[in-house]
2 protein chains.
Amino acid sequence: MGKPLIFITNDDGYSARGLAALIEIGRKFGNVVVIAPEQPQSGKSHSITMYNPLYLRTIRKEEGLEVYACSGTPADCVKLAFDHLLADRLPDLTLSGINHGSNSAISVLYSGTMGAAIEASFYGRPSIGFSLTDHSADADFRAASAIAETVVAKTLASNIEMPMCLNINIPVGTPEQIRGVRVVRQNEGYWKETFVRRQDPRGNDYYWLTGDFYNAEPGATDTDEWALDNMYVSVVPIQVDMTNHRQVATLGAIFNE
Amino acid sequence: MGKPLIFITNDDGYSARGLAALIEIGRKFGNVVVIAPEQPQSGKSHSITMYNPLYLRTIRKEEGLEVYACSGTPADCVKLAFDHLLADRLPDLTLSGINHGSNSAISVLYSGTMGAAIEASFYGRPSIGFSLTDHSADADFRAASAIAETVVAKTLASNIEMPMCLNINIPVGTPEQIRGVRVVRQNEGYWKETFVRRQDPRGNDYYWLTGDFYNAEPGATDTDEWALDNMYVSVVPIQVDMTNHRQVATLGAIFNE
């Protein structure tokens with residue numbers, strides 16, 4: 001058997017501090033291979049690169065650790081790992097992150113971190129996306145790292161039914177301030193944007209996208225938003241059936257012919 | 001009340017033939033506003049543009065029709081429509097496509113066409129993504145157009161409970177060859193990639209992503225793959241709760257603390 005093989009990626013790019021935190025944790029449990037984007041890929045969702053070829057650049061190679069940078073998206077990184085670089089020995093576990101910024105609620109859909117974690121789960125091995133609800137460059141990763149280490153240990157030790165893909169968000173705080181971990185569901189809601197309009201030096205208008213999350217169920221006590229608001233780590237198990245099954249029954253009467 | 005306001009976008013770009021087909025249909029039912037990407041955006045999923053500002057360029061403005069090109073992704077186009085350009089009068093219906101190529105099964109997750117349709121459904125108005133299972137430049141849109149027109153008429157005439165977002169795929173064939181329309185569920189499966197490795201003139205390896213769909217339930221008779229294989233148009237109602245609810249119960253015992 002040997003040591004577990006742990007694949008790590010992210011959406012903030014190969015030099016991000018959150019990635020370094022996951023590499024440190026991964027090495028405590030097994031051999032680590034990293035393919036992470038050359039460039040920041042926040043908001044890249046589940047995108048894949050169709051019109052350009054992908055480059056893989058070796059960043060670091062030593063006993064138990066290989067790091068590559070990929071010119072594509074987080075999902076591309078996973079595909080290059082599972083269908084090319086590591087196709088002969090699939091990783092036992094995939095970690096994505098630690099993202100700089102929250103990916104709770106509907107943000108799971110826009111998140112490159114979670115795009116990668118979801119993609120990895122298609123290969124029948126567990127995958128976990130980690131996000132710290134702090135966008136700042138000097139974010140404190142201590143609590144997030146301690147939690148990630150515990151989650152990785154539990155995942156490797158447990159016999160969890162596949163597919164398993166976890167969306168884990170960690171509130172900002174010291175390890176002492178965080179009250180615990182809660183497996184919860186995705187909170188309903190969406191992002192409402194305010195566009196900041198400016199003019200470039202040639203007189204053309206341009207817009208910056210800036211949004212606020214609208215919480216459609218502020219009273220819920222079993223969701224990721226509730227957990228984070230109450231200083232718990234949120235763990236949402238992810239699945240990829242987008243079907244609205246209730247509507248399959250009702251809409252047939254309108255559209256079937 | 002006046003005429004319905006119909007917003008149209010796509011992921012193949014503002015000059016795509018599939019978009020022209022939807023504009024023609026939209027104008028039969030109401031006033032049409034189009035914001036479509038400047039560049040092809042296939043495989044862009046639900047991505048949004050975080051690191052660059054967005055430009056809107058006027059392509060065409062006439063009675064009942066406005067067309068703009070946007071420098072961003074399909075989801076950006078929708079956000080610019082609903083939270084900026086049309087914020088004072090939200091569209092009554094959003095159409096996305098007609099995509100050149102299938103977006104059935106798990107492809108809904110990678111699709112820019114569906115990223116836009118899903119985003120539009122957050123605003124409480126119906127949205128429909130259309131895809132023709134034919135990537136070729138000279139694809140025949142006649143059957144797809146006839147079906148899209150019927151679906152739009154039914155949607156505007158019916159009192160469907162919101163949110164409503166439909167993922168509609170149309171098999172390749174003449175109108176006579178298409179056997180009907182079926183509201184179905186998303187087929188399980190994933191894309192397995194084969195990377196084509198080449199060398200650039202400077203001696204660096206690069207990779208083209210090319211994949212095949214693995215059908216995890218080839219015997220199913222109630223899915224979009226089944227419908228398309230049997231020359232039916234597939235209609236999958238989409239929802240965005242990614243929670244694996246069954247696992248919320250079981251994984252709490254492992255991860256809660």
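Values below: all heavy atoms of this structure, side chains included; hydrogens, waters and symmetry mates excluded. Labels below follow one simple rule: chain letters A, B, ... track the order of the sequence lines, proteins then strands, and each chain is numbered from 1. Since the model is a prediction, treat every value here as computed from it, not as a measurement.
Judged purely by atom type and a 3.5 angstrom limit, B:Asn256 uses its side chain to pair as donor or acceptor with the backbone of A:Val183. Side-chain atoms of A:Gln186 come within 3.5 Å of backbone N or O of B:Met242 as a donor-acceptor pair. Using a distance-only test at 3.5 Å, with no hydrogens or angles considered, no donor-acceptor pair links the side chain of A:Lys192 to the main chain of B:Asp83. Formation of a donor-acceptor pair under 3.5 Å by the B:Ser45 side chain with backbone atoms of A:His46 is found in this model. Using modelled atom types, no side-chain atom of A:Gln239 and backbone atom of B:His245 make a donor-acceptor pair closer than 3.5 Å.
Options A:Ile160, A:Thr250, A:Thr194, A:Val235 differ in how many heavy-atom pairs under 4.5 Å they form with chain B, and the most are formed by A:Ile160. Interface remark: of the candidates B:Phe82, B:Tyr207, B:Trp191, B:Tyr207 forms the most heavy-atom pairs closer than 4.5 Å to chain A. Of the listed residues B:Thr210, B:Ile118, B:Val233, B:Asp200, the one with more heavy-atom pairs under 4.5 angstrom with chain A than any other is B:Asp200. Taking chain B as the reference chain and counting heavy-atom pairs below 4.5 Å, the highest number among A:Trp208, A:Tyr206, A:Phe122 is found for A:Trp208. Interface check for chain A: of the options B:Thr49, B:Val184, B:Thr73, the most heavy-atom pairs under 4.5 Å are formed by B:Val184. Heavy-atom pairs under 4.5 Å with chain B were tallied for A:Gly180, A:Ala216, A:Gly252, A:Ser42; the largest tally goes to A:Ser42. Note: B:Leu80 leads B:Leu80, B:Leu56, B:Asn204 in heavy-atom pairs under 4.5 Å with chain A. Looking only at heavy-atom pairs under 4.5 Å with chain B, the residue among A:Gly72, A:Ser71, A:Pro53, A:Gly43 that has the most is A:Pro53. No other option in B:Lys79, B:Glu119, B:His84, B:Gln247 has as many heavy-atom pairs under 4.5 Å with chain A as B:Lys79. When B:Pro40, B:Ser158, B:Cys165 are compared by the number of non-hydrogen pairs under 4.5 Å with chain A, B:Pro40 comes out ahead. Contact count against chain B (heavy-atom pairs under 4.5 Å) is highest for A:Ile106 among A:Thr150, A:Asn167, A:Ile106, A:Asn187.
With a 4.5 Å cut-off on non-hydrogen atoms, A:Leu166 touches chain B through its side chain but not through its backbone. Only the side chain of A:Phe195 comes within contact range of chain B, judged by heavy atoms closer than 4.5 Å. With a threshold of 4.5 angstrom between heavy atoms, A:Asn52 approaches chain B through N, CA, C or O but not through any side-chain atom. For chain B, the nearby part of A:Pro163 is the backbone; its heavy atoms alone come within less than 4.5 Å. Contacts of A:Val236 with chain B are made by side-chain atoms alone, with heavy-atom separations under 4.5 Å and no backbone atom involved. Proximity to chain B is limited to the side chain of A:Arg197, based on heavy atoms less than 4.5 angstrom apart. Interface residue A:Val108: only side-chain heavy atoms are found under 4.5 Å from chain B.
Taking the side chain as every heavy atom from C-beta outward, A:Ser47 and B:Tyr110 never approach each other to under 4.5 Å.
Between the side chains of A:Asp205 and B:Tyr55, no donor-acceptor pair is found at a separation under 3.5 Å.
The CD atom of A:Glu193 sits 6.0 Å away from the CD1 atom of B:Ile48 when rounded to the nearest 0.5 Å.
Heavy-atom contacts from other residues, nucleotides or ligands closer than 6.0 Å to CD of A:Gln39 number 12 or fewer.
In this structure, A:Tyr190 has its ring center closer than 6.0 angstrom to the ring center of B:Tyr123.
Contact between A:Asp76 and B:Leu209 at its shortest, heavy atoms only, is OD1-CD1, 3.4 Å. Minimum heavy-atom separation, B:Val240 to A:Leu109: CG1-CD2, 4.1 Å. The minimum heavy-atom distance between B:Glu161 and A:Arg246, with the atom names listed, is OE1-NH1, 3.6 Å. Here the shortest heavy-atom pairing between B:Thr155 and A:Phe255 reads OG1-CZ, 3.4 Å.
One finds a salt bridge joining B:Lys154 and A:Glu257 here, because a Lys/Arg side-chain nitrogen approaches an Asp/Glu carboxylate oxygen to under 4.0 Å.
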